[in-house]
Amino acid sequence: QKEVEQNSGPLSVPEGAIASLNCTYSDRGSQSFFWYRQYSGKSPELIMFIYSNGDKEDGRFTAQLNKASQYVSLLIRDSQPSDSATYLCAVKKGSYIPTFGRGTSLIVHP
Amino acid sequence: KAGVTQTPRYLIKTRGQQVTLSCSPISGHRSVSWYQQTPGQGLQFLFEYFSETQRNKGNFPGRFSGRQFSNSRSEMNVSTLELGDSALYLCASSLIQFADDTEAFFGQGTRLTVV
């Protein structure tokens with residue numbers, strides 16, 4: 001079983017809707033959680049990171065962490081076609097290198 | 001401020017050959033991490049170098065090796081190439097060790113195709 005699981009998608013949402021991307025992890029000791037966005041043919045870029053249970057908002061993006069249920073999610077409000085990309089979840093424990101999920105493909109259609 | 005530079009961008013090699021990929025981190029960054037990305041396995045960690053020392057290593061065979069120079073530039077070498085080594089190889093640069101809570105910046109990657 002892979003340590004970090006994401007639905008590969010594609011997740012298709014209409015423009016202006018809320019896109020919800022989910023990620024589950026197996027190691028209860030995980031402490032840091034990251035969301036990266038990767039456009040086709042491009043390199044991943046960090047969108048957000050979260051360490052504490054609850055919500056963290058940054059513009060149209062909200063990361064939600066629930067350590068008891070071992071999941072982290074990313075909400076994108078007012079989705080735009082330019083948000084169409086693959087979203088990678090990364091989980092880190094202590095000083096260990098982050099483990100990445102395989103990513104969820106998001107398509108925002110006009 | 002220049003970003004992370006990886007060269008070459010594209011490479012086609014034959015099975016059995018070896019290849020060397022290069023990564024120049026952002027100026028001032030001392031940590032370079034290497035990842036292999038494939039559609040089936042996603043982003044998998046190869047190794048991390050910090051101040052010319054390998055600090056972390058992923059679960060890859062010994063055919064994969066790397067090094068870091070005093071100017072923080074890093075090279076990755078793959079010997080005896082196999083078809084399964086075809087992938088996008090990404091390097092990530094960070095100010096200090098990636099394992100700490102610092103942001104890592106990825107290069108554009110090198111697309112390696114083994115035929």
Side-chain angles (χ1 to χ4, degrees), chain A residues 1-10 21-27 29-52 56 58 61 63 65 72 74 85-106, chain B residues 2-7 9-10 21 23-26 29 31-50 53-60 66 87-113:
Chain A
Q1 181 188 5
K2 193 163 172 62
E3 298 174 28
V4 180
E5 297 274 2
Q6 293 182 259
N7 189 317
S8 62
L21 304 160
N22 299 312
C23 170
T24 59
Y25 58 94
S26 59
D27 190 338
S30 299
Q31 298 169 296
S32 309
F33 307 86
F34 304 82
W35 282 101
Y36 283 82
R37 176 177 62 199
Q38 186 174 24
Y39 292 111
S40 181
K42 302 293 185 181
S43 58
E45 56 179 332
L46 183 67
I47 301 175
M48 294 187 69
F49 57 86
I50 185 169
Y51 304 136
S52 304
K56 180 180 179 182
D58 184 0
F61 299 94
L65 175 61
V72 56
L74 179 70
T86 296
Y87 289 80
L88 302 170
C89 168
V91 174
K92 191 166 80 68
K93 174 182 178 180
S95 61
Y96 291 99
I97 292 294
T99 300
F100 284 80
R102 295 179 189 178
T104 298
S105 173
L106 172 67
Chain B
V4 182
T5 304
Q6 289 189 248
T7 57
R9 290 291 311 279
Y10 303 92
L21 312 180
C23 173
S24 293
I26 292 171
H29 284 198
S31 171
V32 174
S33 299
W34 287 90
Y35 286 83
Q36 181 195 67
Q37 187 174 36
T38 59
Q41 296 298 317
L43 206 60
Q44 293 194 295
F45 171 71
L46 282 155
F47 28 66
E48 180 201 13
Y49 285 86
F50 179 77
T53 303
Q54 187 180 91
R55 294 303 180 99
N56 289 286
K57 189 176 189 302
N59 189 27
F60 276 81
L88 179 66
Y89 290 87
L90 290 162
C91 95
S93 156
S94 61
L95 188 59
I96 54 178
Q97 286 180 262
F98 193 7
D100 296 326
D101 292 334
T102 59
E103 181 173 356
F105 299 85
F106 283 88
Q108 292 299 310
T110 293
R111 173 75 62 185
L112 172 65
T113 302

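A quick note: this is a predicted structure, and the numbers were derived from the prediction, not measured. Naming convention: chains lettered A, B, ... in sequence-line order (proteins, then strands); numbering from 1 in each chain.
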Review point. With a 4.5 Å limit on heavy-atom distance, are the side chains of Ser43(A) and Tyr35(B) in contact?
Key: no
Review point. Does atom NZ of Lys57(B) have more than 12 heavy-atom neighbours, drawn from other residues, nucleotides or ligands, at distances under 6.0 Å?
Key: yes
**Study point:** Proximal component of Gln38(A), with respect to chain B [non-hydrogen, under 4.5 Å]
**Key:** side chain
Practice item. Rounded to the nearest 0.5 Å, what's the gap from CD on Gln37(B) to CG on Leu88(A)? Could you check? Key: 6.5 Å
**Study point:** Donor-acceptor contact present, side-chain Arg102(A) to main-chain Gly40(B), <3.5 Å
**Key:** yes
Review point. Does atom CZ of Phe49(A) have more than 12 heavy-atom neighbours, drawn from other residues, nucleotides or ligands, at distances under 6.0 Å?
Key: no
